[in-house]
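Naming: A, B, ... by sequence-line order, numbering from 1 per chain. All values below come from the heavy atoms of this structure, side chains included, with hydrogens, waters and symmetry mates left out.
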2 protein chains.
Amino acid sequence: MEEIERGSGVSLWRQIEQTLLQEISAGVLHPGDKLPTEQELSARFDVNRHTVRRAVAALVQRGIVSVTQGRGSFVQEEVIDYPIGKRTRFSENLKRQNRSPGGRLVRSEQRPANGIVSKGLEIPPGTPVLMIELVGEADSVPISTSLHFFPWDRFAGMAEGYAETHSITQALARCGVADYTRKQTNITARLPSAEEARLLRQMPGRPILHVESVNLDETGTPIQFSIVSFAGDRVQMVVEN
Amino acid sequence: MEEIERGSGVSLWRQIEQTLLQEISAGVLHPGDKLPTEQELSARFDVNRHTVRRAVAALVQRGIVSVTQGRGSFVQEEVIDYPIGKRTRFSENLKRQNRSPGGRLVRSEQRPANGIVSKGLEIPPGTPVLMIELVGEADSVPISTSLHFFPWDRFAGMAEGYAETHSITQALARCGVADYTRKQTNITARLPSAEEARLLRQMPGRPILHVESVNLDETGTPIQFSIVSFAGDRVQMVVEN
DNA sequence: ATTCATAATTTGTCTAGACATCCGTATCTT
DNA sequence: AAGATACGGATGTCTAGACAAATTATGAAT
């Protein structure tokens with residue numbers, strides 16, 4: 001056990017940090033993998049648990065590792081996999097990859113449904129809908145801007161619901177939708193507008209993923225039409241077959 | 001002593017962090033001021049020293065406080081005062097404001113002295129001089145780019161000396177200059193070139209401070225002519241009268 | 001007065017232990 | 001089968017103490 005050296009002038013926690021860093025970059029630990037528990041690490045390096053914690057904290061600050069109380073420490077994924085399926089949930093997707101989901105409401109307004117919205121929601125053009133604009137975040141880094149359209153008569157309270165819960169799923173639940181499924185998802189690539197590049201903090205020349213989707217309630221009625229722009233640098237769509 | 005609340009659901013170190021943050025923003029603690037010692041803070045809040053350290057570490061990560069072993073913790077200055085005087089020393093200036101000086105050698109080359117260089121060093125035009133280009137940093141943030149000219153015959157080893165010590169003063173000492181004084185400093189303002197804006201990570205539209213100076217050795221002989229560009233956003237020249 | 005060695009002060013690192021909090025799972029209950 | 005509860009495992013917080021390392025202050029010798 002000659003992993004780290006005492007009295008070498010380099011503090012133990014820095015040596016542990018470097019050792020873990022090497023193992024991550026060398027592929028011994030893959031992105032998404034769970035690090036050994038603090039107890040295991042302290043046994044392996046023969047140091048106190050607090051010393052291990054100091055090393056892991058340094059890796060967290062570098063953005064290389066994420067830690068969740070009660071679960072453990074995980075190697076960060078370099079790109080976020082965003083699975084598309086029948087039950088696509090923004091927060092769930094991120095949590096599954098050990099990232100902390102977040103989001104903020106940019107604006108919300110009532111407006112008449114235009115062509116693609118009326119087609120997606122299967123309502124006559126001109127029917128009033130609620131539109132909300134969100135910025136989705138993973139570990140406090142913006143990864144998506146999105147517009148969501150809901151029939152006004154059933155979901156007038158969605159904006160307030162989202163502002164309070166930061167979750168579309170929970171906001172829908174407050175409007176009486178216990179569960180919902182995704183009907184369809186269309187994905188294309190394009191370059192961002194100046195506003196999108198600003199919100200996503202992405203270089204204007206880098207492409208974004210343009211995603212349009214429709215969600216249905218339990219009766220099969222369309223309840224949500226969404227247009228989401230993902231930062232192409234940081235997100236990768238995964239369509240499960 | 002009802003400063004912080006135990007068992008309130010908010011950890012003690014976060015409450016201490018907030019308290020110190022408020023006092024800094026409220027002006028109780030001014031930029032440059034020394035924070036109370038860890039021992040004093042732990043006595044004031046009636047917590048262990050480690051708990052105080054956790055709070056201070058959070059402030060350091062925010063860039064609001066800097067800590068130096070053996071000296072103490074200090075509220076960060078928003079702009080760096082750069083005193084100009086007989087004994088102007090880059091590293092000393094920064095250390096005096098509780099910032100950690102740094103620098104890197106961009107390039108070095110021998111060339112004949114042109115007009116202003118020969119005038120500054122008081123040598124005939126065409127005399128070979130050593131030119132080195134540096135980027136100066138404070139707390140790892142670049143604050144200046146600079147060109148320095150030295151008579152080649154005496155200071156051929158300056159580039160190596162600087163590369164090893166990251167200090168012009170120490171590099172000069174290796175060339176036999178125990179002490180030196182500043183003869184003259186000229187300061188003007190101008191807009192940066194694209195290259196300078198890149199090196200200083202500054203918006204191209206923001207002005208920079210253009211400083212030209214001459215240093216003398218103990219015999220009064222010019223040994224160094226410098227052209228330094230400071231980031232105008234982050235540095236403020238102070239001429240002591 | 002300056003220089004040099006020493007002491008005091010202050011932050012950095014490490015250990016040890018206790019309890020809290022959160023998460024996931026297993027189990028019991030209904 | 002579904003929900004509530006309990007438990008074990010993992011990270012989070014706090015305390016206490018010891019020694020190391022860097023800086024600054026002190027004082028003695030020249």
For A/His148 and A/Phe150, take the angle between the two ring planes, folded into 0 to 90°, and tell me which bin it lands in: parallel under 30, tilted 30 to 60, perpendicular over 60. parallel
Proximity to the side chain of A/Lys34 - top-ranked nucleotide from C/dC14, D/dG12, D/dA10: D/dA10
Side-chain contact check for B/Glu38: nearest option of C/dT11, D/dT11, D/dT13 is C/dT11
Run the side-chain contact (heavy atoms from CB on, under 4.5 Å) test on A/Thr221 and A/Leu216 for me, step by step, so that the C-alpha distance in whole Å, both residues' side-chain angles and the decisive distance to 0.1 Å come before the verdict. CA-CA 5 Å; A/Thr221 307; A/Leu216 311 174; over 6 Å; no
Quick one: [X] [atom1] to [N] [atom2], roughly how many Å, whole number?
X       : N      : atom1 : atom2 : value
A/Asn48 : C/dA16 : CG    : C1'   : 6 Å
A/Glu17 : C/dT13 : CD    : P     : 11 Å
A/Arg54 : D/dC14 : CZ    : P     : 17 Å
A/Trp13 : C/dT15 : CH2   : C1'   : 17 Å
A/Arg53 : C/dC14 : CZ    : C1'   : 15 Å
A/Phe45 : C/dC14 : CZ    : C1'   : 16 Å
B/Gln39 : C/dT9  : CD    : P     : 9 Å
A/Arg14 : D/dA20 : CZ    : P     : 20 Å

Name the residue closer to the 5' end of DNA chain D, choosing between B/Val10 and A/Gly9 according to the nucleotide with the nearest heavy atom. B/Val10
Has A/Thr51 got a side-chain N or O lying under 4.0 Å from the OP1 or OP2 atom of C/dT15? yes
Just to confirm, is there a sub-4.0 Å distance from OP1 or OP2 of D/dT24 to any side-chain nitrogen or oxygen of B/Arg71? yes
What distance separates B/Gln224 CD from B/Leu172 CG, expressed to the nearest 0.5 Å? 6.0 Å
Assert: residue with more 5' nearest nucleotide on DNA chain C, out of A/Leu12 and A/Thr68, is A/Leu12
Does A/Arg49 get its side chain close enough to the base of D/dG12, under 3.5 Å, for a donor-acceptor pair? yes
Hey, is the side chain of B/His50 pairing donor to acceptor with the base of C/dG12 inside 3.5 Å? no
Restricting to non-hydrogen atoms, name the atom on A/Tyr162 and the atom on A/Leu134 that form the minimum distance, rounded to 0.1 Å. CE2-CD2, 3.4 Å
Quiz question: by atom type and distance under 3.5 Å, do the side chains of A/Ser144 and A/Ser146 form a donor-acceptor pair? no
Heavy atoms only, 4.0 Å cut-off, all strands: where does B/Arg6 land among base, sugar-phosphate and nothing? sugar-phosphate
